[in-house]
Amino acid sequence: MSEQKYESKIQSIPAPVAQIYPVLSNLNNLNRVKDMLPADKVSDLEISEDVIKMKVDGLGQKVAIRIVERIDNDTIKFGLDNVPMDVHFWIQLKEVSSADTRVKLTVKADIPMFFRMMLESKIQKGLDDAAIMLTQFPYSQWS
């Protein structure tokens, strides 16, 4: 296996990084949007400041998404536990102006060759959709 890297398209969030970073770097804020998760795919959700645990349809066991590093107003790095491959991802923020912060999501994963062709387009679409979703949060109300 070889590690593959996937990156979302860069999106623009109409807010300063000082409003965005505190929201994204505290996973408790996901409680505000947990009702948007598909109930048929995700269940038994537990959220804390640094970890999200959930059962994901098809994996059979509880998966954990854990913040492993925070770089103030810049990057939030995550790791996944209890998944059948090594996966890391991060959110990068770059303030262009007080009303324009760019966001990009990156995933690095060791995906077996057999599954790579089936998963690549889904990973790319998921990253792009997630980046767009991050542009729609009301950061000024949440910070």
Side-chain angles (χ1 to χ4, degrees), residues 1-17 19-96 99-143:
M1 286 190 288
S2 64
E3 193 169 68
Q4 299 296 116
K5 183 176 178 180
Y6 305 92
E7 296 179 332
S8 72
K9 293 176 184 160
I10 296 171
Q11 299 293 329
S12 177
I13 300 173
V17 73
Q19 283 182 347
I20 299 165
Y21 180 83
V23 171
L24 298 180
S25 65
N26 182 344
L27 296 178
N28 277 319
N29 286 308
L30 288 174
N31 282 306
R32 301 170 192 252
V33 295
K34 67 181 178 184
D35 294 336
M36 296 170 64
L37 297 173
D40 61 327
K41 304 280 186 213
V42 176
S43 63
D44 200 10
L45 188 64
E46 297 176 42
I47 300 173
S48 70
E49 184 177 350
D50 296 321
V51 180
I52 305 166
K53 294 179 182 177
M54 65 192 129
K55 285 189 179 175
V56 178
D57 184 43
L59 291 180
Q61 59 189 353
K62 218 167 201 186
V63 173
I65 300 171
R66 179 178 318 279
I67 293 179
V68 296
E69 184 179 3
R70 292 177 177 90
I71 302 170
D72 284 345
N73 296 329
D74 186 282
T75 306
I76 307 151
K77 294 184 180 183
F78 302 85
L80 272 68
D81 299 332
N82 294 328
V83 293
M85 61 189 83
D86 189 24
V87 180
H88 300 278
F89 68 97
W90 55 98
I91 300 171
Q92 293 171 282
L93 301 168
K94 173 81 171 149
E95 186 174 271
V96 177
D100 182 7
T101 298
R102 305 294 164 94
V103 62
K104 180 171 79 171
L105 306 179
T106 304
V107 169
K108 278 191 179 179
D110 279 333
I111 302 172
M113 185 64 78
F114 180 76
F115 295 109
R116 195 172 299 154
M117 294 299 283
M118 293 186 296
L119 296 176
E120 282 186 335
S121 64
K122 292 179 182 186
I123 292 169
Q124 189 63 56
K125 181 176 179 355
L127 279 175
D128 289 335
D129 289 351
I132 290 168
M133 182 183 71
L134 293 179
T135 69
Q136 299 169 358
F137 291 166
Y139 294 99
S140 63
Q141 296 171 20
W142 290 2
S143 56

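Every value quoted in this text rests on a predicted model; they were computed, and no experiment measured them. Atoms considered below: every heavy atom in the structure, side chains included; atoms not considered: hydrogens, waters and symmetry mates.
Applying the salt bridge (charged side-chain N to carboxylate O under 4.0 Å, His left out) test to pairs two or more places apart or on separate chains, those with a residue in residues 119-143 are K125-D129. Pairs of residues two or more places apart, or lying in two chains, never qualify as ring pair (Phe, Tyr, Trp, His ring centres under 6.0 Å) while including a residue from residues 45-76. Within the structure, no pair that satisfies the ring pair (Phe, Tyr, Trp, His ring centres under 6.0 Å) test touches residues 104-129, not counting sequence neighbours. The list of salt bridge (charged side-chain N to carboxylate O under 4.0 Å, His left out) pairs with a residue in residues 130-143, not counting sequence neighbours, is empty.
Shown here is M117, whose CE atom has no more than 12 heavy atoms of other residues, nucleotides or ligands within 6.0 Å.
Under the side-chain hydrogen bond (donor to acceptor under 3.5 Å, both in side chains) criterion, D86 pairs with H88, sequence neighbours left out. Residues forming a side-chain hydrogen bond (donor to acceptor under 3.5 Å, both in side chains) with S48 (at least two apart in sequence, or on another chain): none. Remark: Y6 pairs with no residue by the ring-ring contact (aromatic ring centres under 6.0 Å, His included) rule, at least two apart or across chains. With sequence neighbours excluded, the residues forming a ring-ring contact (aromatic ring centres under 6.0 Å, His included) with Y139 are F137, listed by chain and number. In this view, K94 satisfies the salt bridge (charged side-chain N to carboxylate O under 4.0 Å, His left out) rule with no residue, not counting sequence neighbours. Residues meeting the salt bridge (charged side-chain N to carboxylate O under 4.0 Å, His left out) test with E46, sequence neighbours left out: K62. Residues satisfying the salt bridge (charged side-chain N to carboxylate O under 4.0 Å, His left out) criterion with D74, sequence neighbours excluded, are absent altogether. With sequence neighbours excluded, the residues that form a salt bridge (charged side-chain N to carboxylate O under 4.0 Å, His left out) with R70 are D50.
Using modelled atom types, no side-chain atom of T106 and backbone atom of W90 make a donor-acceptor pair closer than 3.5 Å. D44 places no side-chain N or O within donor-acceptor distance of the main-chain N or O of K55, the cut-off being under 3.5 Å.
Two residues are said to be in side-chain contact when any heavy atoms from C-beta on lie closer than 4.5 Å; E95 and N73 fail this criterion. Side-chain contact check for I65 versus F89: some heavy-atom pair is nearer than 4.5 Å. With contacts defined as side-chain heavy-atom distances shorter than 4.5 Å, the pair V83/V56 does not qualify. Taking the side chain as every heavy atom from C-beta outward, Q11 and L134 never approach each other to under 4.5 Å.
Nearest heavy atoms, I111 versus R116: O-NH2, 2.9 Å. Closest non-hydrogen pair, A64 versus V51, comes out as CB-CG1, 4.2 Å. Residues L24 and L93 come closest through the heavy atom pair CD1-CD2, 4.3 Å. Across A130 and L105, no two heavy atoms sit closer than the pair CB-CD1, 3.5 Å. Here the closest non-hydrogen pair linking T135 and P14 is O-CD, 4.1 Å. Contact between S8 and L127 at its shortest, heavy atoms only, is CB-O, 3.6 Å.
Atom CZ of R66 sits about 4.5 Å away from atom CG of D81, to the nearest 0.5 Å. The distance from the CE atom of M85 to the CD atom of E3 is 12.5 Å, given to the nearest 0.5 Å.
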- [ ] Just do the side chain to side chain contact (heavy atoms under 4.5 Å, CB included) check on I20 and V103 with the steps written out, would you?
- [x] CA-CA 10 Å; I20 299 165; V103 62; over 6 Å; no
